[in-house]
Protein chains: 2
Amino acid sequence: MQNNFTAIEAYFERFIPLSDEDRKAIRSSFKEVRIKKRQFVVQPNFVAAHRNYVVNGAFRSYVVADEGQEHTIAFAIDDWWITDYNSYIFQKPATMFVVALEDSIVMQVDFEKEKELKALHHRFETFFRTIAERGLAFYQRRLISNLTQTAEERYNEFEFKYPQISQRVPQYALASFLGMTTEYLSKLRNQRTRKK
Amino acid sequence: MQNNFTAIEAYFERFIPLSDEDRKAIRSSFKEVRIKKRQFVVQPNFVAAHRNYVVNGAFRSYVVADEGQEHTIAFAIDDWWITDYNSYIFQKPATMFVVALEDSIVMQVDFEKEKELKALHHRFETFFRTIAERGLAFYQRRLISNLTQTAEERYNEFEFKYPQISQRVPQYALASFLGMTTEYLSKLRNQRTRKK
DNA sequence: AAAGGAAGTTGAACTAGTTCAACTTTTGTA
DNA sequence: TACAAAAGTTGAACTAGTTCAACTTCCTTT
């Protein structure tokens with residue numbers, strides 16, 4: 001309702017000013033959807049239909065490797081975006097699952113509506129350019145920490161940077177996000193609490 | 001000269017149409033620069049001044065970890081872009097080196113000129129949005145292969161996808177791009193040639 | 001054309017992180 | 001409120017990939 005559009009409009013306003021007309025365009029492009037825990041918003045082999053802004057709740061995206069292990073690619077909690085970008089941007093079948101970890105409220109825009117927004121006004125193009133650039137920088141940093149750090153360092157960094165997320169997501173999801181097994185993360189955690 | 005602007009204009013035209021006026025804007029925003037082998041275009045602690053389009057030649061970007069090991073983040077050969085995006089986009093000090101692996105010709109745009117281009121015309125904003133989105137999708141795929149594959153699988157995939165690059169870059173750079181030691185890559189290579 | 005350094009190779013010893021298996025705790029649902 | 005399933009823990013055996021060291025080959029520079 002009103003409230004949830006306020007949240008996404010505030011998000012847009014971090015990067016671009018919004019006229020009344022712009023707000024109207026946003027309200028007609030995005031729709032509010034309630035997603036139950038364990039419900040999927042993206043599934044492999046289907047084109048990712050939406051870009052999802054999480055008003056509140058929590059999601060994770062993951063891929064399933066040949067031998068069946070899950071690898072978490074991203075988390076998204078309040079005020080973050082999530083989708084399978086490779087699928088959404090190119091409108092090709094997804095390779096990821098995106099699932100709700102809690103009952104959540106998201107604002108969804110689909111590819112066509114987004115395209116219309118971008119075409120409608122230079123400012124909207126600027127907005128999507130900005131979030132894409134920030135996403136790119138984010139993934140580049142993430143790759144660096146995967147290449148340069150040990151499992152323990154990655155865990156410590158994550159705890160330090162995202163304490164809210166660390167509390168809120170299941171441990172198996174966090175382990176696979178950090179590129180280690182659940183068993184190993186469990187050992188790291190318990191080593192550490194003992195040291196204190 | 002003429003030729004090198006033709007290359008970058010052709011690149012723009014993959015994504016947006018260009019008017020004569022647009023071409024003029026590109027010509028006044030980008031400058032052609034010759035970079036000698038081993039010369040740096042980005043260095044840690046300095047803000048990455050440019051986004052570089054490689055007309056011909058080869059570059060790599062890398063970070064140096066605490067213990068001094070180098071980790072290659074990206075390669076760029078003919079018709080690719082390279083910079084430290086986190087530094088360039090946010091105009092913050094770089095953490096990466098970007099160095100020429102061969103004598104190269106690049107077209108450089110700086111942050112302010114790029115900003116003017118984006119402001120000048122909706123189409124330019126669309127262009128930069130498009131390449132940022134593609135970069136994002138690219139890094140997301142790269143992260144997936146780092147999380148899900150073994151060293152050997154990453155090597156095989158790289159050889160298959162980028163045979164030109166594999167031939168052209170030194171082995172220590174490739175090894176660190178793929179997240180393994182030079183020694184291990186050497187062993188993988190020689191195991192394989194023996195099998196044939 | 002020679003020399004010195006950088007890049008690549010090989011093998012042996014090692015280790016960070018995995019796998020497997022058995023167990024305990026927590027969570028969801030009837 | 002109870003019980004089955006999912007999540008997390010712990011230890012022991014293992015392995016993919018690293019480290020170290022000694023050697024060879026290939027480039028640069030003079």
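All values derive from a computational prediction rather than experimental measurement. Quick note on labels: first sequence line is chain A, next is B, and so on, each numbered from 1.
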May I have the distance from [X] (atom [atom1]) to [N] (atom [atom2]), rounded to whole angstrom?
X	N	atom1	atom2	value
A:L185	C:dT18	CG	C1'	14 Å
B:Q191	D:dA16	CD	P	11 Å
A:E183	D:dA12	CD	C1'	13 Å
A:L101	D:dA7	CG	C1'	14 Å
A:N146	C:dG17	CG	P	12 Å
B:L178	D:dG17	CG	P	12 Å

Of the candidate nucleotides [options], which contains the atom at the shortest distance from the side chain of [X]?
X	options	result
A:K187	C:dG11, C:dT9, C:dT19	C:dT19
B:S186	C:dT18, C:dT9, D:dT9	C:dT9
A:N190	C:dT9, D:dT9, D:dG8	D:dT9

Problem set entry | Residue met sooner reading DNA chain C from 5', once B:R38 and A:M180 are mapped to nucleotides | B:R38
Exercise. Given C:dT18, is OP1 or OP2 found less than 4.0 Å from the side-chain N or O atoms of A:Y184?
Worked result: no
Exercise. Is the shortest distance from a Lys or Arg side-chain nitrogen in A:R123 or A:D22 to a carboxylate oxygen in the other one below 4.0 Å?
Worked result: yes
For this session: Inspect the contact between B:E133 and A:K118 and indicate whether a charged nitrogen and a carboxylate oxygen are less than 4.0 angstrom apart.
Result: yes
For this session: Specify the residue among A:T182 and B:Q69 whose closest nucleotide of DNA chain D lies further upstream toward the 5′ end.
Result: A:T182
For this session: Can you label the angle between the B:F158 ring and the B:Y162 ring as parallel, tilted or perpendicular, going by 30° and 60°?
Result: tilted
Exercise. Short question: side chain of A:S61, backbone of A:F97 - any donor-acceptor pair under 3.5 Å?
Worked result: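 No: the side chain of A:S61 does not pair with the backbone of A:F97.
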